[in-house]
Amino acid sequence: MVWFLFCEQKQRKEKFLRGVLIMKKVFGRVLSLLTTIAMVCSVLLVMPVSVQAASSFPVNVEAEDCSLGNGAAIATNVYGTEYPGYSGEGFVWVSNSGTITLEVTVPENAMYELKTKCWMYLGEEGESRLQAISINGQPKGEFFIPNKGKWIDFSFGYFFLEAGKTIIEIGSSGSWGFILYDTITFDYADMPDHNIDPTPCDPKATVETKALMKYLTEVYGKYVISGQQEIYGSGNDGNYELEFDYIYDKTGKYPAIRGFDFMNYNPLYGWEDGTTDRVIEWVKERGGIATACWHINIPADFTSYTPGDELDWTYCTYKPTKSFNTANCLDKTTKEHAYLMLAIEDLAEQLLILQEENIPVLFRPFHEAEGYNNTDGSGAWFWWGSGGAEVFKDLWKLLYTTLTEEYGLHNLIWEVNLYTYANSFEWYPGDEYVDIVAYDKYEGSPYRWGTSAASTIFLALVNYTNDTKMVAMTENDVIPDIQNIVNEEAWWLYFCPWYGDFILSPNNNDPKLLNTIYNSEYVITLDELPENLYEYEDSPIFTYGDLDGDNEITSTDLTLLKRYILRKLKKLGVPEEAADLDGDGEITSTDLTLLKRYILRKIREFPVAQK
């Protein structure tokens, strides 16, 4: 019996030990499997995800569903910091490098826009990080995404693309990274209408200024006006026509716009270089359009300067200096303000001569104020931008009010230079002080556009003012290929290469392409400007259908129109055009029917409004 019990206990023990061994093996296999799964999942977080080409529009995808390059990973937090508000299962965290790639099927040759919902999380709010974009392997621009302390909708711009498969890469070589991406959107671009009010910002603008403004708004969005900057200060050995003769020799045409600079009319070393006389000749004798900038100098050592002193030009500068506080220009008690008023007086003297000659000027003072990507003046290239965006805007308004109110100058069409960095719009003085938004395009400053139309820049500037102001390329080296402008619908009001090699060197402007541009049906040259360019007639003000002028459209207007058609009324109390509701140039029973249907609310607008 004892032996039996001993044997039974031994068998139970052996069975138990065998069970333990089996459990160890099973547990080990499970643990190994879990470890493998964890490793695979970890790799999936950093390996590119394969996606099929998106073909339906708009394309709106989670960033984590795109192909991710090294340095880009799917995440729900960054080092424990949460970023709530994202969609999907997470977001794509791009550290100091990393790419997001999306393949789309472009349905037709057209303009498209690339947008993202993102969060730049590095640094203080207001700081920005550069991100580069490439399409089909070609760089398409560099964009500064600002830190707003939250998820934002950000546009990477507008691109003309041909039908077919397209590879879009965000975060291409040169990007600074440290961005969180939630979604990527790719769709047709919403292109502007370019229906600009021709009324100048100066309510007292001269007749000639109004006429020029009207002409500019009429051609804007349909044509590009050719322009060229002349050299100043007796450069080219005193040959101010060198660039213009070169253009004529290569194209058989002259530019319609000539650029001037009033820099040498100043209270320091000022001298008569003939600029004002050349403006008069260009406009009055040759029938052209004048634009002018103002590289106004200050003493390099402003501390030892006494207002009214003369200085040799070698002791002057238009760059920022520590001794000249730009903000003090706004304080009437300071030496900086006293100097600025002297400089404005010299400028106004020349502009008044032009006003007396009935010559309007596209006036671009204090140009390129922002310089490079800043709002505090730290990136300024010129002294007038060194005080930052707020000081610059007040400086612009001071110049505007001084010239218009104190000197009575009303022959100016005001152009302000802007850029498209993260906070560039903060440099905009306001609609009431601006007629044209200007952009100076040079290769590598900061982009390299080649002969493309720079449509992303153009449309960003258009959107600054909701398409209420014209946008011009007021300086450039490479002139965009006119076919690219047409394709990309980047209707710059005009282009205007700087003097010297910027226009003369084939490295900047190929003579064959220059000839093509100047002889294009879409480019306006000097010989194509209207002879009555500076003659202005006020357009009659009326409302279609309002025939008694009471600002309402009622049965009274219907009665008037009926009597007029039946010749019982010889003349309407408003311009007859107000009764031509179908826009066919005649006033008939058709117009009567349209007016009746409008009053009965069967139509919401007259056919003429659609033409």
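In this chain, residues are counted from 1 in sequence order.
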request  = Taking the six-membered ring for Trp and the full ring for Phe, Tyr or His, determine whether the centres of Y421 and Y372 are under 6.0 Å apart.
outcome  = yes
message = Are more than 12 heavy atoms, taken from residues, nucleotides or ligands other than N532, located less than 6.0 Å from that residue's CG atom?
response = yes
task = Measure the shortest side-chain to side-chain distance between Y86 and V92 over non-hydrogen atoms and say whether it is less than 4.5 angstrom.
result = no
inquiry  = Other residues, nucleotides and ligands only: do more than 12 of their heavy atoms fall within 6.0 Å of NZ on K512?
reply    = no
key: Separation of K250 NZ from L504 CG (nearest 0.5 Å)   = 10.0 Å
query = Charged N to carboxylate O under 4.0 angstrom, E475 versus K441?
reply = no
key: Between S424 and E370, a side-chain donor and acceptor under 3.5 Å   = yes
inquiry  = Quick check: F262 with H295 (ring centres under 6.0 Å apart)?
reply    = no
ask   = Under the 3.5 angstrom rule, does the side chain of S155 hit a backbone N or O of G157 as a donor-acceptor pair?
value = yes
query = When you look at I457 and W449, which way does the side-chain contact (heavy atoms from CB on, under 4.5 Å) test go after all the steps?
reply = CA-CA 10 Å; I457 295 293; W449 295 106; 3.4 Å; yes
message = Checking side-chain polar atoms at under 3.5 Å, does T101 have a donor or acceptor matched by the opposite partner on S67?
response = no
task = Mark yes when over 12 heavy atoms from residues, nucleotides or ligands other than E108 sit less than 6.0 Å from its CD; otherwise mark no.
result = yes
query = What residues form a side-chain hydrogen bond (donor to acceptor under 3.5 Å, both in side chains) with S386, not counting sequence neighbours?
reply = T326
Identified side chain to side chain contact (heavy atoms under 4.5 Å, CB included) partner of E103 from the options T166, I168, I167 = I167
task = Taking the side chain as every heavy atom from C-beta outward, state whether I231 and L242 have any atom pair closer than 4.5 Å.
result = no
task = Flag yes if more than 12 heavy atoms outside Y223 fall under 6.0 Å of its OH atom; otherwise flag no.
result = no
query = Do F178 and W93 have ring centroids that are under 6.0 Å from one another?
reply = no
Step-by-step side-chain contact (heavy atoms from CB on, under 4.5 Å) determination, T183 to F91 = CA-CA 8 Å; T183 60; F91 50 78; over 6 Å; no
Salt-bridge contact R286-E241 (side-chain N to carboxylate O under 4.0 Å) = yes
task = Verify the neighbour count for atom OH of Y188: are there more than 12 heavy atoms of other residues, nucleotides or ligands below 6.0 Å?
result = yes
ask   = Does some side-chain heavy atom of L399 sit less than 4.5 Å from a side-chain heavy atom of W294?
value = yes
inquiry  = Rounded at 0.5 Å granularity, tell me how far CG in N236 sits from OH in Y499.
reply    = 9.0 Å
query = Relative to each other, are the rings of F392 and W427 parallel, tilted or perpendicular (30° and 60° limits)?
reply = tilted
message = Around atom NZ of K319, are there more than 12 heavy atoms from other residues, nucleotides or ligands closer than 6.0 Å?
response = no
request  = Give the intermediate values and the outcome of side chain to side chain donor-acceptor pair (under 3.5 Å) for residues D197 and T468.
outcome  = CA-CA 7 Å; D197 184 352; T468 61; over 6 Å; no
query = Who passes ring-ring contact (aromatic ring centres under 6.0 Å, His included) against F260, sequence neighbours left out?
reply = none
ask   = Could you state the interatomic distance from CD1 (I225) to OG1 (T291), rounded to the nearest 0.5 Å?
value = 11.0 Å
query = Taking only residues two or more places apart in sequence, or in another chain, which ones meet Y246 in a ring-ring contact (aromatic ring centres under 6.0 Å, His included)?
reply = none
request  = With sequence neighbours left out, write down each residue that passes ring-ring contact (aromatic ring centres under 6.0 Å, His included) with F495, or none if nothing qualifies.
outcome  = none
query = Which is it for E528 and K253 under the side-chain contact (heavy atoms from CB on, under 4.5 Å) test, yes or no, and what are the steps along the way?
reply = CA-CA 10 Å; E528 296 170 321; K253 300 273 191 175; 4.1 Å; yes
request  = Start with the C-alpha distance between Q228 and R258, add both sets of side-chain angles, then the distance that settles side-chain contact (heavy atoms from CB on, under 4.5 Å), and finish with yes or no.
outcome  = CA-CA 5 Å; Q228 176 58 49; R258 182 166 179 144; over 6 Å; no
ask   = Can you name the closest pair of heavy atoms from C66 and I184 and give their distance?
value = SG-CG1, 4.3 Å
key: Residues R364, D440: salt bridge by 4.0 Å N-O rule   = yes
key: Shortest non-hydrogen separation from A256 to T525 and the atoms involved   = CB-C, 3.7 Å
query = Does the pair N411 and T206 meet the rule for a side chain to side chain donor-acceptor pair (under 3.5 Å), with working shown?
reply = CA-CA 6 Å; N411 61 329; T206 65; over 6 Å; no
key: Within 45° cone and under 6.0 Å: R129 NZ/CZ vs F144 ring   = no
query = How about F57 and Y112: are their ring centres within less than 6.0 Å of each other?
reply = yes
message = Counting only heavy atoms from other residues, nucleotides and ligands, does the tally under 6.0 Å from NZ of K115 exceed 12?
response = no
request  = Enumerate the residue pairs fulfilling ring-ring contact (aromatic ring centres under 6.0 Å, His included) with a member in residues 452-474, sequence neighbours excluded, ordered by first and then second residue.
outcome  = H194-F458, F425-Y464, F458-W492
query = With a 4.5 Å limit on heavy-atom distance, are the side chains of D245 and D249 in contact?
reply = no
message = Looking at every heavy atom in both A380 and N374, which two are closest together, and how far apart are they?
response = N-ND2, 3.9 Å
inquiry  = Looking only at the side chains, is there a donor atom on one of T251 and N515 sitting less than 3.5 Å from an acceptor on the other?
reply    = no
query = Side chains of T209 and Y534: does their closest heavy-atom pair fall under 4.5 Å?
reply = no
inquiry  = Is there a side-chain contact between P480 and M473 in this structure, where contact means two heavy atoms from C-beta onward sitting under 4.5 Å apart?
reply    = yes
Parallel, tilted or perpendicular: ring planes of F156 versus Y181, cut at 30 and 60 degrees = tilted
request  = Before giving the answer on salt bridge (charged side-chain N to carboxylate O under 4.0 Å, His left out), spell out for K469 and D435 the whole-Å C-alpha distance, their side-chain angles and the decisive distance to 0.1 Å.
outcome  = CA-CA 6 Å; K469 302 292 182 181; D435 293 304; 5.0 Å; no
request  = Apply side chain to side chain donor-acceptor pair (under 3.5 Å) to the pair D182 and S87, showing each step before the final yes or no.
outcome  = CA-CA 7 Å; D182 183 23; S87 59; 3.2 Å; yes
inquiry  = What I want to find out is whether R278 reaches E230 closely enough, with some N-O distance under 4.0 Å, to be called a salt bridge.
reply    = yes
ask   = Can you check whether Q229 reaches D261 side chain to side chain, under 4.5 Å on heavy atoms?
value = yes
key: F160: ring-ring contact (aromatic ring centres under 6.0 Å, His included) partners, not counting sequence neighbours   = none
Intermediate values then yes/no, side chain to side chain donor-acceptor pair (under 3.5 Å), Y158 and N463 = CA-CA 12 Å; Y158 308 84; N463 290 338; 2.9 Å; yes
ask   = Hey, are the side chains of I479 and I503 touching, using non-hydrogen atoms and a 4.5 Å cut-off?
value = yes
task = Determine whether the aromatic ring centres of W384 and F382 lie less than 6.0 Å apart.
result = yes
query = Strictly under 6.0 Å, is that where the ring centroids of Y400 and W414 end up?
reply = yes
